[in-house]
Each structure stands twice: as structure tokens, then as C-alpha cells.
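Report on the structure given below.
Because only heavy atoms are used, hydrogens play no part in the values below, and waters and symmetry mates are left out as well, while side chains stay in.
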Amino acid sequence: MITRYEPDARNVLGGPLEPCGLDPVTGFYRNGCCETGAEDVGMHTVCAIMTAEFLAFSKSVGNDLSTPVPAYGFAGLKPGDRWCLCAPRWREALDAGAAPKIVLAATHEEALAVAPLEVLKAYAAGS
């Protein structure tokens, strides 16, 4: 069961925010949703589908998402996993040519502060 931090959260398409991933459990609040709040200074709002290219890029810029960290119950991400990325990190990957596809219905509307809808749609999973 998902406990929502922000029950009325909207996605970038204007609809209700859908869950991003429960295996592994993602989100700043670790509830499976790319919700955000005052505590979330990283703005974990982009529901991205991990790729080997993005994971290597993220590691190269100091955010290793692929190595397990057992102390935090983190098994490490692998290609195909869905994960709530910080919107600025996704934009950085976009600018570097390493942006992963995203799930628009699970990407919080706050991500529009970092990339316009047209850009996000160009990286929509299935497009």
C-alpha cells in the first residue's frame, strides 16, 4: 500500500501523479512516488527508467546509484529500474546526452521548472 505525502499531487500532463516504482521502492519519501516537499532540496520529481548509460553518467558526476549500500537497505539500481531522479540531475544528463527515458504520468509537475513539457515528452517512455 502506498502512503501518499501529497495526495493531490499532479503530474506534468496535469493528471493525478501515478506511482513510479515499488521494486525498488523509490521517491524522496520512499513511498514509490516522485512527490516533493520542503525537505526535498534535490527535487526528486522525475520518474526515470534507468539505463546503463545514465547510471555510468551519474556515477561519473558523483552520484553512484548502481552500487549497493546495505547500511541503507539500498541494493543498487540496474537498467530497467524506475527511480525518482532529482530534476536538476536529469537536466544535467540531458545536457550531456545521457538522459534516460521518463514516465510522464509518474513525473511530478514540479519537474517543469527544469525542463519544458515538450522536452519531457521527447524523452517519454514508449516514444
Practice item. Report yes or no: does Thr36 contribute a side-chain atom to a donor-acceptor pair with the main-chain N or O of Met43 at less than 3.5 Å? Key: no

Check your understanding: Between Asp95 (side chain) and Glu92 (backbone), is there a donor-acceptor pair under 3.5 Å?
Key ->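 A pair under 3.5 Å: no.
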
Which value, rounded to the nearest 0.5 Å, describes the distance between [X] atom [atom1] and [Y] atom [atom2]?
| X | Y | atom1 | atom2 | result |
| --- | --- | --- | --- | --- |
| Thr51 | Leu77 | OG1 | CG | 11.0 Å |
| Asp64 | Leu55 | CG | CG | 8.5 Å |
| Phe54 | Leu94 | CZ | CG | 11.5 Å |
| Tyr5 | Asn31 | OH | CG | 10.5 Å |

Review point. Passes side chain to side chain contact (heavy atoms under 4.5 Å, CB included), Asp40 versus Glu35? Steps please.
Key: CA-CA 9 Å; Asp40 181 15; Glu35 297 175 293; over 6 Å; no

Single-linkage hydrophobic cluster, 4.5 Å side-chain cutoff, [X] and [Y] together:
| X | Y | result |
| --- | --- | --- |
| Met50 | Val103 | no |
| Ile49 | Val119 | no |
| Leu112 | Leu17 | no |

Review point. Do the ring planes of Phe28 and His44 sit parallel (below 30°), tilted (30 to 60°) or perpendicular (above 60°)?
Key: tilted

Please name the pair of heavy atoms, one in [X] and one in [Y], separated by the smallest distance, quoted to 0.1 Å.
| X | Y | value |
| --- | --- | --- |
| Cys34 | His108 | O-CB, 3.2 Å |
| Ala48 | Cys20 | N-SG, 4.5 Å |
| Trp83 | Leu65 | NE1-CD2, 4.2 Å |
| Leu104 | Leu120 | CD2-O, 3.8 Å |
| Tyr123 | Pro100 | CD2-O, 4.1 Å |
| Val114 | Ala87 | CG1-O, 3.5 Å |

Residue pair [X] / [Y], side-chain heavy-atom distance below 4.5 Å:
| X | Y | result |
| --- | --- | --- |
| Val46 | Thr107 | yes |
| Ser66 | Lys78 | no |
| Arg82 | Thr26 | no |
| Leu117 | Leu13 | yes |

Practice item. Kindly confirm or rule out an SG-SG distance below 2.5 Å between Cys84 and Cys47. Key: no

**Study point:** Polar side chain donor-acceptor pair, Tyr29 to Glu6, under 3.5 angstrom
**Key:**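 Distance-only check fails for Tyr29 and Glu6.
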
Exercise for review: May I ask you to say whether Glu118 pairs ionically with Lys121, meaning some side-chain N is under 4.0 Å from a carboxylate O?
Suggested key: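 Judged by the 4.0 Å cut-off on N to carboxylate O distance, Glu118 and Lys121 do not form a salt bridge.
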
